[in-house]
Amino acid sequence: MAEHAPLTREETARAMTSIAHWRQDTTSAIACPCCLANGAGVADLSARPYTEWYRITCPACGLDATLAIPLGPGVPGHGY
């Protein structure tokens with residue numbers, strides 16, 4: 001399958017929404033942020049406390065994207 005183009009701004013926004021829904025129920029199916037087909041996969045590759053990393057894949061369109069979500073700065077005295 002051909003390599004997928006980088007996510008557009010709209011696709012990234014849909015991916016963030018899908019990740020938020022997936023975090024509420026990691027067994028639920030999500031829609032692909034690109035082709036909107038149901039059955040996209042999400043994997044949490046996070047390296048907390050600094051950044052959350054998620055990989056979204058879609059068997060329908062071949063999407064294989066990684067999203068980095070920076071977290072706020074650490075609070076002094078809390079082990080960061």
Side-chain angles (χ1 to χ4, degrees):
M1 197 172 283
E3 187 170 324
H4 199 280
L7 296 178
T8 65
R9 179 176 287 175
E10 292 80 17
E11 291 167 341
T12 300
R14 286 194 298 262
M16 301 289 271
T17 299
S18 292
I19 288 168
H21 290 151
W22 175 83
R23 288 184 61 189
Q24 296 297 314
D25 179 7
T26 59
T27 63
S28 65
I30 65 163
C32 174
C34 298
C35 72
L36 306 178
N38 209 13
V42 177
D44 185 348
L45 308 174
S46 296
R48 289 176 188 88
Y50 304 109
T51 304
E52 291 182 350
W53 286 90
Y54 296 95
R55 181 179 180 196
I56 298 181
T57 57
C58 177
C61 71
L63 175 67
D64 188 354
T66 304
L67 293 167
I69 304 170
L71 300 175
V75 178
H78 285 74
Y80 302 141

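Below, each value reflects all heavy atoms present in this structure, side chains not excepted, and no hydrogens, waters or symmetry copies.
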request  = For Glu11 and Pro6, work out which heavy atoms get closest and say how close.
outcome  = OE1-O, 4.1 Å

key: Cluster overlap Trp53 with Trp22, hydrophobic side-chain contacts below 4.5 Å   = no

inquiry  = Less than 4.5 Å apart, side chain to side chain, heavy atoms only: is that true for Glu52 and Asp44?
reply    = no

For residues 27-40, tabulate all N or O donor-acceptor pairs below 3.5 Å that involve a side-chain atom, not counting sequence neighbours.
unit_1 : atom_1 : unit_2 : atom_2 : d
Thr27  : OG1    : Asp25  : OD1    : 2.6
Ser28  : OG     : Asp25  : O      : 2.8

message = If we ignore hydrogens and angles and just use 3.5 Å, is the side chain of Thr12 paired with the main-chain N or O of Thr8 as donor and acceptor?
response = yes

query = Between Thr66 and Tyr54, is any pair of side-chain heavy atoms under 4.5 Å apart?
reply = no

ask   = Can you tell if the side chain of Leu7 reaches within under 4.5 Å of the side chain of Ile56, non-hydrogen atoms only?
value = no

message = Quick one, Met16 and His21 - any side-chain contact, counting heavy atoms below 4.5 Å?
response = no

ask   = Got a sec, which residues hit side-chain contact (heavy atoms from CB on, under 4.5 Å) with Gln24, two or more places apart in sequence or on another chain?
value = none

task = State plainly whether one hydrophobic cluster holds both Leu45 and Val42, where clusters connect Ile, Leu, Val, Met, Phe, Trp and Tyr through side-chain heavy atoms under 4.5 angstrom apart.
result = no

